[in-house]
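As structure tokens, the structure follows; a few thoughts come after it.
Quick caveat: nothing in here was measured; it's all calculated off a predicted structure.
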Amino acid sequence: MFVVDVESDGPAPGVYSMVCFGVVDYYTKKSFYGQTAPISLNYIPEALAISGFTRLEHELFAEPLDVMKGLADWLKSFGYSRNQFISDNPAFDFQWMSYYFALHAMPNPFGYSGRRIGDFFAGASGNWRDQTSWKKLRRTSHTHNPVDDCMGNVEALEEIGKKFNIKIA
């Protein structure tokens, strides 16, 4: 089970570029951090600023193919039968991962679906309208460094499991 977070320079893959991403294995807490050079000339300065990088810095990042191969190899090293994708917002994060693997003619090691932490919390708490209070369960600050954000989400998942007596993994 892997928690994933992506930072980008705009809202849609292909039109814009992924800047960096983090992946944390829920079980071991091992992490992967990737920085990818732009694949598009388009970018929204305000979106890029969230990642903390300038366009010039972003242009110096590694080629996306190399980074995605590195991630695929890292995921494979765990030997899990399924690499479950978990995210704060899989509608955003999953599209980037899926696009970048497809762009490089690589199978997506996460498959075709992901799970949202807010939905899990809402179901566990019995309150469908409560989609955000789970974020208070993070111990690691939400800094927009994707590894930090993933680690905070792992911590929140662990706390949700304890709070509602649910086996997460």
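- Legend: residues meeting side chain to side chain donor-acceptor pair (under 3.5 Å) with Asp119, ordered by chain and number and at least two apart, are Arg116.
- Contact annotation: the side chain of Ile86 never approaches that of Val4 to less than 4.5 Å [non-hydrogen atoms, C-beta and beyond].
- Here the side chain of Asp5 pairs no donor or acceptor atom with the backbone of Gly22 at under 3.5 angstrom.
- Applying the ring-ring contact (aromatic ring centres under 6.0 Å, His included) criterion to Phe2, with sequence neighbours excluded, gives Trp74, Phe78, Tyr80.
- In terms of heavy atoms, Asp9 sits closest to Arg55 at OD2-NH1, 3.2 Å.
- Minimum heavy-atom separation, Ser98 to Asn108: CA-ND2, 3.5 Å.
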With a cut-off of 3.5 Å and sequence neighbours excluded, list every side-chain donor-acceptor pair involving residues 64-73.
none

Side-chain donor-acceptor pairs under 3.5 Å in residues 30-37, sequence neighbours left out?
unit_1	atom_1	unit_2	atom_2	d
Tyr33	OH	Gln35	NE2	3.0
Thr36	OG1	Met18	O	2.7

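- Within the 4.5 Å cutoff, no side-chain heavy atoms of Phe120 are placed close to those of Trp134.
- Every residue meeting the side chain to side chain donor-acceptor pair (under 3.5 Å) condition with Ser133, not counting sequence neighbours, appears here in chain and number order: Asp130.
- Every residue two or more places apart in sequence or in another chain that forms a ring-ring contact (aromatic ring centres under 6.0 Å, His included) with Phe61 is listed here: Phe53, His58.
- Rounding to the nearest 0.5 angstrom, the gap separating the OH atom in Tyr100 from the CE atom in Met106 is 13.5 Å.
- By the criterion of side-chain heavy atoms lying less than 4.5 angstrom apart, applied directly or through intervening Ile, Leu, Val, Met, Phe, Trp or Tyr residues, Val15 is not grouped with Ile50; the two fall into different hydrophobic clusters.
- For the atom pair CZ (Phe21) and OG (Ser51), the distance works out to 14.0 Å, reported to the nearest 0.5 Å.
- The closest donor-acceptor contact from the side chain of Asp93 to the backbone of Ser87 lies at 3.5 Å or more, if one exists at all.
- Shortest non-hydrogen contact noted between Pro90 and Phe85 is CB-CE2, 4.1 Å.
- With sequence neighbours excluded, the residues forming a ring-ring contact (aromatic ring centres under 6.0 Å, His included) with Phe92 are Trp96, listed by chain and number.
- Checked against side chain to side chain donor-acceptor pair (under 3.5 Å), Arg115 has no partners two or more places apart in sequence or in another chain.
- Considering only heavy atoms from C-beta on, Ile44 comes within 4.5 Å of Pro11 through its side chain.
- Residues satisfying the side chain to side chain contact (heavy atoms under 4.5 Å, CB included) criterion with Arg129, sequence neighbours excluded, are Asn127.
- Listed by first and then second residue, the salt bridge (Lys or Arg N to Asp or Glu O under 4.0 Å) pairs involving residues 44-54 amount to none (not counting sequence neighbours).
- Every residue meeting the side chain to side chain donor-acceptor pair (under 3.5 Å) condition with Thr54, not counting sequence neighbours, appears here in chain and number order: Glu57.
- Counting non-hydrogen atoms of other residues, nucleotides and ligands closer than 6.0 Å to NZ of Lys29 gives a total above 12.
- Taken from CD1 in Ile117 to CG in Asp88, the straight-line distance is 6.0 Å, to the nearest 0.5 Å.
- Leu60 CG: more than 12 foreign heavy atoms inside a 6.0 Å radius.
- In this structure, Phe94 has its ring center no closer than 6.0 Å to that of Phe110.
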Which atom pairs, one a donor and one an acceptor, fall under 3.5 Å between side chains of residues 144-157 and the rest of the protein, sequence neighbours left out?
unit_1	atom_1	unit_2	atom_2	d
His144	ND1	Glu7	OE2	3.4
Asn145	OD1	Val147	N	2.9
Asn145	OD1	Asp148	N	3.2
Asp148	OD2	Thr143	OG1	2.9
Asp149	OD1	His142	ND1	3.4
Asp149	OD1	Thr143	N	2.9
Asp149	OD1	His144	N	3.2
Asp149	OD2	His144	N	3.2
Asn153	OD1	Arg138	NE	2.9
Asn153	OD1	Arg138	NH2	3.0
Asn153	ND2	Asp149	O	3.3
Glu155	OE1	Arg139	N	2.8
Glu155	OE1	Thr140	N	2.6
Glu155	OE1	Thr140	OG1	3.2
Glu155	OE2	Thr140	OG1	2.7

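- Salt bridge status for Glu158 with Lys163: absent, with no side-chain N to carboxylate O gap under 4.0 Å.
- Not a single donor-acceptor pair under 3.5 Å links the side chain of Ser17 to the backbone N or O of Val19.
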